[in-house]
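Data block below; observations after.
Any value given below was found using the heavy atoms of this structure, including those in side chains, with hydrogens, waters and symmetry copies removed. Lettering follows sequence order; numbering is per chain, from 1.
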Amino acid sequence: MSREHALNDWYAVADANSLKRGLATTKLLGEDITVSGSFDAPVVETTDGKRLPTQVKFDHLWTTLGADPRPLFDIPEGDEDGRTRVPCGMVRVKCSPLRAVENFLDIAHFPFVHTDVLGAEPHTEVEPYKVEIRETDDEVWATKVKFFQPQAAKSAGGGITTDYVYRVPAPTTAVPPKHEAQDIITIFVQPRSETECDVWPWMALYDFETPYAELVQFQQLIFLQDRSILENQRPVRLPLDPKMEIPTRADLTSVAYRRWLKKRGALYGASEGPL
Amino acid sequence: MSTKAVGLSRDLPAGRVMPAHVAGQDLAVWRSVSGVLSAWDNRCPHRGMALSHGFVRGEALACLYHGWHFDCDRHCTLIPSHPDLTPPETIQTRAFSALEDGGVIWVALEGEAQPSDDLSGYKPLRTMQFHAPEDAVGTINILADQPVKTLLNPWGESRTLVTTLIAATASIQAMKDATIALETLRQQVEARQ
């Protein structure tokens with residue numbers, strides 16, 4: 001628990017381009033909200049009619065329930081010329097928002113969950129990589145993450161060893177990969193509650209050939225595969241007690257992420273005690 | 001804590017895993033390729049994934065999430081992200097006592113599993129899940145003219161796993177009739193809920 005901390009973050013709650021379809025209801029940190037208006041004048045309200053702050057960024061509509069929100073992070077590469085920006089719709093997952101982010105930071109599951117797409121046996125080894133909590137901007141960064149992938153993206157022709165960078169700028173956002181002219185694939189996680197979330201994948205690609213529908217379909221496939229894992233982890237809330245779940249070397253990013261959440265007090269969706 | 005029936009032996013062939021429940025405990029029950037039966041806490045010690053979604057490779061059960069292998073002694077034998085690493089002895093699953101008797105798989109959460117019923121003179125018919133609490137599933141003995149034995153394993157507040165056996169001498173037709181009667185009974189019991 002620790003809804004107080006979570007209140008002061010910004011969350012994606014809609015695809016900004018879908019506002020034209022009219023009023024939608026959704027949920028944020030356990031509270032019912034409505035989303036309406038237009039791309040240029042979006043409206044987010046609580047059920048008792050209180051208007052919440054909004055901003056449109058990364059093709060999504062963002063809002064916050066807090067009185068003193070932390071600034072929304074930036075993804076500078078996303079604004080670079082010549083990238084196709086692809087909002088991928090939403091996947092609802094009955095899991096902790098923090099488990100969804102942690103899964104996104106994990107590469108060791110690729111051969112088993114995204115078989116023959118993001119990974120394949122016998123290429124299961126995770127080589128040493130570097131993880132740090134950058135004190136200046138208080139973000140988790142993992143660099144030099146290399147992994148063999150049969151088809152890393154819709155645009156990838158065949159098997160390649162992908163060089164990933166992962167960045168966690170907020171408890172419910174993960175931004176890999178970023179390597180100069182590489183594609184960016186992120187997830188923005190909207191916590192509906194501590195045990196249910198809406199995941200909004202967003203990409204900024206150097207792919208000008210694949211039709212939009214195919215790009216979205218590829219990401220949806222990946223996230224549906226992840227959902228089969230995420231909805232079957234116990235406890236549902238992410239355990240921050242290191243005794244609860246045993247990590248290995250490949251889990252350095254996950255270990256740093258859990259420590260960082262604890263240090264920040266970002267405990268919405270986390271469990272601190274034993275099972 | 002008593003021993004409960006979690007299913008029929010024939011419904012768990014070699015090389016397969018299934019989910020099961022005893023007194024609120026989620027279980028992964030699996031059989032190695034050579035036939036060794038195990039009943040474990042349904043949770044991988046690595047990242048909490050349900051092991052009942054995993055897959056059997058030879059004499060090990062592998063977790064679907066990261067492919068960690070656990071042998072019949074419940075020790076982790078392989079971490080695919082570090083194939084050259086010998087996993088520490090401390091990485092292991094939590095196992096419960098399980099055995100097979102009368103064609104039924106029995107599991108105990110505490111101590112050694114001990115079948116609660118003498119099943120001699122009976123043969124397995126089938127297992128079914130009733131969406132009803134245990135006390136609502138009481139009258140199965142009157143469902144057929146053949147003697148049947150039913151083993152009830154409540155699963156939460158509103159579900160019950162019903163394992164039914166029938167007289168060893170029952171004909172194929174009698175087994176069919178009993179199965180149909182059982183299905184009818186299930187519908188009646190669930191309609192009353």
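We find that Asp41(B) and Arg43(B) are not joined by a salt bridge, their nearest charged nitrogen and carboxylate oxygen being 4.0 Å or further apart. Note on Asp26(B) versus Arg234(A): no salt bridge recorded, every NZ/NE/NH1/NH2 to OD/OE distance being 4.0 Å or above. The residues Arg31(B) and Glu100(B) are annotated as salt-bridged, a charged nitrogen and a carboxylate oxygen being separated by less than 4.0 angstrom.
Counting heavy-atom pairs under 4.5 Å between each of Cys44(B), Ser81(B), Ser52(B) and chain A puts Ser81(B) at the top. Among the candidates Ala62(B), Gly48(B), Cys63(B), the residue making the largest number of heavy-atom pairs closer than 4.5 Å to chain A is Gly48(B). Heavy-atom pairs under 4.5 Å with chain B were tallied for Thr248(A), Asn103(A), Ile229(A), Val126(A); the largest tally goes to Ile229(A).
Heavy atoms of Asp106(A) lying under 4.5 Å from chain B belong exclusively to its side chain. Of the atoms belonging to His46(B), heavy atoms from both backbone and side chain fall under 4.5 Å from chain A.
Side-chain contact of Thr143(A) with Tyr164(A): a donor-acceptor pair under 3.5 Å is absent, judged by distance alone. There is no side-chain donor-acceptor pair under 3.5 Å between Asn153(B) and His21(B). There is no side-chain donor-acceptor pair under 3.5 Å between Arg167(A) and Thr186(A).
Scanning residues 70-80 of chain B against chain A with a 4.5 Å heavy-atom cutoff picks out Ile79(B), Pro80(B), ordered by number.
The closest donor-acceptor contact from the side chain of Arg258(A) to the backbone of Pro239(A) lies under 3.5 Å.
Within the structure, the salt bridge (Lys or Arg N to Asp or Glu O under 4.0 Å) test picks out the following pairs touching residues 113-124 of chain A (sequence neighbours left out): Glu121(A)-Arg57(B).
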